Protein chains: 2
Amino acid sequence: MCLDTMGLCMTTEANHPVRTTEKSLHLIEKLRELDGARIHELEDELEMTKGAIHNHLSTLRTHGYVVKEDNEYRLSLKVLTLGGYVRSNYSIYQFGRPKANKLASDTGMLVNLATEENGQSVYLYQARGEYAVNLDTQVGHRLRLHNIAIGKAILAYLPAERVEAIVDQWGLPKETENTITDRETLFEELESVREQEFATDLEERTEGLCCIAAPIRPDNEILGAISISAPTSRLGNQGFDDELVGQVKSTANEIALDIKYV
Amino acid sequence: MCLDTMGLCMTTEANHPVRTTEKSLHLIEKLRELDGARIHELEDELEMTKGAIHNHLSTLRTHGYVVKEDNEYRLSLKVLTLGGYVRSNYSIYQFGRPKANKLASDTGMLVNLATEENGQSVYLYQARGEYAVNLDTQVGHRLRLHNIAIGKAILAYLPAERVEAIVDQWGLPKETENTITDRETLFEELESVREQEFATDLEERTEGLCCIAAPIRPDNEILGAISISAPTSRLGNQGFDDELVGQVKSTANEIALDIKYV
DNA sequence: CATAACAGTTTTCAATTCGAAAACGTAGAA
DNA sequence: TTCTACGTTTTCGAATTGAAAACTGTTATG
């Protein structure tokens, strides 16, 4: 068994896995990987016969998860629909969206709203100000927590043993010169995040990009974080602008208050 | 067999359905419906024993589709992640997103980008201008085509037999005083959409809300449509503003051109 | 504190179902 | 036409699922 202290550990193996379901999930995963495929391609990629693949795909299709066009099967937009439902249940999304919009138009920057799942950050929403940069991040994207502002804002308010577990699971891979790659530095950084009540990213994941993030924690429970992203030239050249930091922090606080007093 | 002239009919029953997969899909559907549930609740709702439910949920969990918190199971954000991947493969999204942003900041309104799947419209993106209304529609949402501007812009460029099939499948339910509820009127309206090259919605789905939509069709293939939504007072009180219509139409054309000449 | 009630997990094994293999159908190429 | 390449369907033996019951853990109650 796994030390599932938070009830959130995913790495547990089911001890009576439903193999047939797993086959369908592998198929879904492959369709995503290949952006759609024909049956004989899937036959090469997965250890299933074409008859079996056909049965699974037909089943997924009648339920709307897969679409077929000229013998090519693709994942349908039903997963987008489902994802929309899941997202709408996050209070941080419901209440954060309008505040993120406002922060974006006030600052002109790119604003991100994200939460943590399974030791990763998941982007729930983006709002674009007038001068917003175009980034590789999009709604639904999953990133490690150690080298982004939002991630550090979240980590700072998770119990230390949880942070350890996450680092064990995902490591601290170096992505730029500034990426934090050892635990000691990370924990010091998290301490300073707690003191300042905001986190920063000085080109730690992407060259030329800086971020400021603030945690969203009604009742001291960390639900996620909000951040602004901008080119280093505009954001972090000589220390972070106090006014901007203030705007991010107070937006986070407003969201937390809205969540608390529904 | 079904008359699957477009290769897109979903209503086909698989003739060797994978029952185990279907059970997992029903579970997923129920978790969505209930916004998460405990095993004994699912036992009441589905015709499965708790042992079986447990096996399925554990399997979905080890693959990251489901999250467990204090004996409550919920769909995870993995479906949002998957949905993001699916969406990013739509050229109308890739190229439409920046143009939708521009249209939103130029007009100050709510801008929608949608495509058709299985006879429904699916929202792919929304951009919010300064005065954008707050609507019930969100990314991923599915609506019928007959009473929204985007829907009519799409229907107008689908083959007539396809339109017939879609009306057979989804009907023409009345949602406001202005909803088109008979085929003849609908086909006349579609003819006029083709003449004008844009479609409108005058409170046909929502009281007080009007929309203008233009089809996106590189190479005469209809990929979706773009629309602006605003209160009747601002948009449709005395005929639609020619300049606004022009902005929507030219945005749609720009997107089509971008798609065509990558 | 003991006990009851309840819900989740695990085990066992018979019934179900899946899917390998082969046959069949269909579309395009030569 | 025949050939080839895939997709689809069928059949039936083998693998897997899940009903039922036992077990465990947790919360409520006397």
Side-chain angles (χ1 to χ4, degrees), chain A residues 1-31 34 36-63 65-74, chain B residues 1-31 34 36-63 65-74:
Chain A
M1 275 302 87
C2 89
L3 289 174
D4 192 356
T5 45
M6 302 303 289
L8 285 167
C9 170
M10 191 197 83
T11 40
T12 332
E13 277 293 307
N15 60 344
H16 244 280
V18 184
R19 306 230 184 270
T20 311
T21 294
E22 291 192 314
K23 282 173 196 160
S24 281
L25 297 180
H26 288 145
L27 216 34
I28 287 172
E29 205 55 58
K30 261 290 172 259
L31 286 182
L34 304 174
R38 300 184 54 159
I39 286 185
H40 70 274
E41 296 177 72
L42 295 165
E43 214 182 343
D44 302 337
E45 296 270 339
L46 302 160
E47 296 189 347
M48 294 170 73
T49 59
K50 51 183 182 170
I53 295 171
H54 181 262
N55 291 340
H56 280 260
L57 289 178
S58 309
T59 306
L60 291 169
R61 192 153 89 95
T62 58
H63 290 266
Y65 290 85
V66 156
V67 154
K68 180 184 178 185
E69 234 163 319
D70 307 321
N71 287 329
E72 167 147 319
Y73 293 86
R74 293 185 293 103
Chain B
M1 272 306 83
C2 89
L3 289 174
D4 191 356
T5 45
M6 303 302 290
L8 283 168
C9 170
M10 192 197 81
T11 41
T12 331
E13 277 293 308
N15 61 345
H16 242 278
V18 184
R19 307 230 185 272
T20 310
T21 294
E22 291 191 315
K23 283 172 195 160
S24 282
L25 297 181
H26 288 144
L27 259 172
I28 287 173
E29 205 56 56
K30 262 288 172 261
L31 286 182
L34 304 173
R38 300 183 54 157
I39 285 183
H40 70 275
E41 297 178 70
L42 296 165
E43 215 181 340
D44 302 336
E45 297 270 339
L46 304 160
E47 296 189 347
M48 293 170 72
T49 58
K50 52 183 182 169
I53 294 172
H54 180 261
N55 291 339
H56 280 260
L57 289 177
S58 309
T59 306
L60 290 169
R61 192 154 89 95
T62 58
H63 291 266
Y65 290 85
V66 156
V67 154
K68 180 185 179 184
E69 233 162 319
D70 306 320
N71 286 331
E72 166 148 319
Y73 293 85
R74 293 186 293 101

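In what follows, chains carry the letters A, B, and so on, assigned in the order in which the sequence lines appear, proteins first and then strands, with residues in each chain numbered from 1. Just so you know, these numbers come straight off a predicted model, no measurement behind them. The figures that follow rest on heavy atoms only: side chains count, while hydrogens, waters and symmetry mates do not.
With rounding to whole Å, Ile53(A) atom CD1 is found 13 Å from dA21(C) atom P. Rounded to an integer number of Å, the gap from NZ of Lys68(B) to C1' of dT9(C) is 9 Å. As a whole-Å value, the separation of Leu27(B) CG from dG18(D) C1' is 13 Å. Summarising the geometry, the separation between CG on Leu57(B) and P on dT10(C) is reported as 13 Å, rounded to the nearest angstrom. Atom pair Tyr73(A):OH and dG7(D):P shows a separation of 8 Å (rounding to whole Å applied).
Taking the side chain as every heavy atom from C-beta outward, Met48(A) and His56(A) approach each other to under 4.5 Å. Residues Tyr73(B) and His54(B) are in side-chain contact: their nearest non-hydrogen atoms beyond the backbone lie under 4.5 Å apart.
Among all heavy-atom pairs drawn from Arg61(B) and Val67(B), the shortest one is CD-C, 4.4 Å. Here the closest non-hydrogen pair linking Ala37(B) and Leu31(B) is N-CD2, 3.9 Å. Looking at every heavy atom in both residues, Thr21(B) comes nearest to Ser24(A) through OG1-OG, 2.7 Å. Shortest non-hydrogen contact noted between Leu42(A) and Ile53(A) is C-CD1, 3.7 Å. Taking both residues in full, the closest heavy atoms of Lys30(B) and Leu46(B) are given as CG-CD2, 3.5 Å, listed atom of the first, atom of the second, then distance. Contact record, Glu72(A) with Arg38(A): CA-CG, 4.2 Å, taken as the closest heavy-atom pair.
Residue His54(B) places at least one side-chain N or O closer than 4.0 Å to OP1 or OP2 of dT9(C).
Rounding to the nearest 0.5 Å gives a distance of 14.0 Å between CD of Glu41(A) and NZ of Lys50(A). If you take CG on Leu34(A) and CD on Glu29(A), they are separated by 10.5 Å, rounding to the nearest 0.5 Å.
With Thr59(B) contributing its side chain and Val18(A) its backbone, the two residues share a donor-acceptor pair below 3.5 Å.
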Check the interface with nucleotides 15-18 of chain C: list each N/O to N/O pair with the protein under 3.5 Å, or write none.
from, atom 1, to, atom 2, distance (Å)
dC18(C), OP1, Arg19(B), N, 3.1
dC18(C), OP1, Thr20(B), N, 2.9
dC18(C), OP1, Thr20(B), OG1, 2.8
dC18(C), OP2, Pro17(B), O, 3.3
dC18(C), OP2, Arg19(B), N, 3.1

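Within residues 37-50 of chain A, the residues having any heavy atom closer than 4.0 Å to DNA chain D are, in order of number, Arg38(A), Ile39(A), His40(A), Lys50(A).
End-to-end axis angle of the helix from dC1(C)-dG30(D) to dA30(C)-dT1(D), using five pairs per end and rounding to 10°, comes to 30°.
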